[in-house]
Amino acid sequence: MKKIFVLVTVFITSFVFSQEDTTAVKKWRFGVGFNLINNTATADDRYFDTADLNAIPFVSTFSLDYKYSEAFSVGGVLSLNELSSKNRQNGMSISNDYTYVAFDINAKYTFDQHLVDVRWFDASIVGGAGVFMVDKKGNQSFNVGLALDFWLTSSVGLRLHTLGKFAANEDLLGNNHLQHAAELLVKF
């Protein structure tokens, strides 16, 4: 009797796993890439000025998203950077380079299905909140932005992402700023 039970269990298990849906949507997305910080606009209205972008020459952005429906997802982003003394920061010069570390949790609404019907492109409106630290001083932010995902294969893509970060305390260095990122994405 035990042998029949084991045989039936093995048969049912192999049947269930053999019927796995290979067209199932991959819900997780992991990204790794680079980010740029534009910290010039608040004080001197130099929006989108590329002369004073802050960047570091190595991988500086890590993200993980969960897509829980066709249009909505939620995710977290860890960013590292440096505010350089060579660049203007909030309309002024700074004497030292300062480390920038941020963690953001954002929701995304993917709206490209209303514009085009292609599988290789996703466009999303992004909104959320975050915390960031500059010169060992913490601040919180409200985030709003846009993400464009270009799928090179069904599981690998490139994300271009821009966030406007509006700081809770505008008296600290690195208060309101723009953060741009380019990431290599993997769906799983």
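Just so it is clear, the values below take in all heavy atoms, side chains as well, and ignore hydrogens, waters and symmetry mates.
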Evaluation steps, side-chain contact (heavy atoms from CB on, under 4.5 Å), between S63 and R159: CA-CA 11 Å; S63 67; R159 173 177 290 160; 4.0 Å; yes
Under the salt bridge (Lys or Arg N to Asp or Glu O under 4.0 Å) criterion, do K108 and D149 qualify, and how do the steps go? CA-CA 12 Å; K108 294 180 185 168; D149 298 347; 5.7 Å; no
Evaluation steps, side-chain contact (heavy atoms from CB on, under 4.5 Å), between F150 and F121: CA-CA 5 Å; F150 301 92; F121 177 70; 3.6 Å; yes
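Looking at N81 and N35, their side chains do bring a donor and an acceptor atom within 3.5 Å of each other. For D97 and S85, the side-chain atoms include at least one donor-acceptor pair closer than 3.5 Å. Under 3.5 Å, the side chains of D122 and T110 contain no donor-acceptor pair of N or O atoms.
The closest side-chain heavy-atom distance from V134 to L172 is not below 4.5 Å. F111 places a side-chain heavy atom less than 4.5 Å from the side chain of L146. With a 4.5 Å cut-off on side-chain heavy atoms, V131 and Q140 count as touching. Side-chain contact check for N87 versus L53: every heavy-atom pair is 4.5 Å or farther apart.
L158 and W120 fall into different hydrophobic clusters, where Ile, Leu, Val, Met, Phe, Trp and Tyr residues are linked whenever their side-chain heavy atoms come under 4.5 Å apart, directly or through other members. No single ILVMFWY cluster, assembled from side-chain heavy atoms under 4.5 Å apart, contains both F58 and V77. By the rule that hydrophobic residues join a cluster once side-chain heavy atoms approach within less than 4.5 Å of another member, Y66 and V32 end up as members of one cluster. No single ILVMFWY cluster, assembled from side-chain heavy atoms under 4.5 Å apart, contains both V74 and V144. Put simply, L78 and L163 are part of two different groups of oily side chains (I, L, V, M, F, W, Y) that touch within less than 4.5 Å, one to the next.
A side-chain donor-acceptor contact under 3.5 Å links S84 to the backbone of K86. Between the N139 side chain and the F132 main chain, no donor and acceptor come within less than 3.5 Å of each other. Using modelled atom types, no side-chain atom of D65 and backbone atom of R29 make a donor-acceptor pair closer than 3.5 Å. The main-chain N or O of H177 is never found under 3.5 Å from a side-chain atom of N39 such that the two would form a donor-acceptor pair.
Between D104 and G130, the shortest heavy-atom distance links the atoms OD1-CA, 3.3 Å. Closest heavy-atom contact between T40 and N38: OG1-OD1, 2.7 Å. Scanning all heavy atoms of the two residues, the minimum distance from A147 to H161 falls at CB-CD2, 3.4 Å. Across every non-hydrogen atom of K165 and A102, the tightest pair is NZ-CB, 3.6 Å. Here the shortest heavy-atom pairing between L160 and A182 reads CD2-CB, 3.9 Å. Summarising the geometry of E170 relative to N175, their closest heavy-atom pair is O-ND2, 2.6 Å, with the distance given to 0.1 Å.
Rounding to the nearest 0.5 Å gives a distance of 11.0 Å between CG of D112 and CD1 of I125. Note that CG of L173 and CD of Q89 are 6.0 Å apart. Values are rounded to the nearest 0.5 Å. For the atom pair CZ of F72 and OG of S124, the computed distance is 10.5 Å after rounding to the nearest 0.5 Å. Residue S155 holds its OG atom at 11.0 Å from CG of L185, rounded to the nearest 0.5 Å. Atoms OG and CG, on S60 and N54 in that order, are 11.5 Å from each other to the nearest 0.5 Å. Distance check, rounded to the nearest 0.5 Å: NZ of K26 to CZ of F188 gives 11.0 Å.
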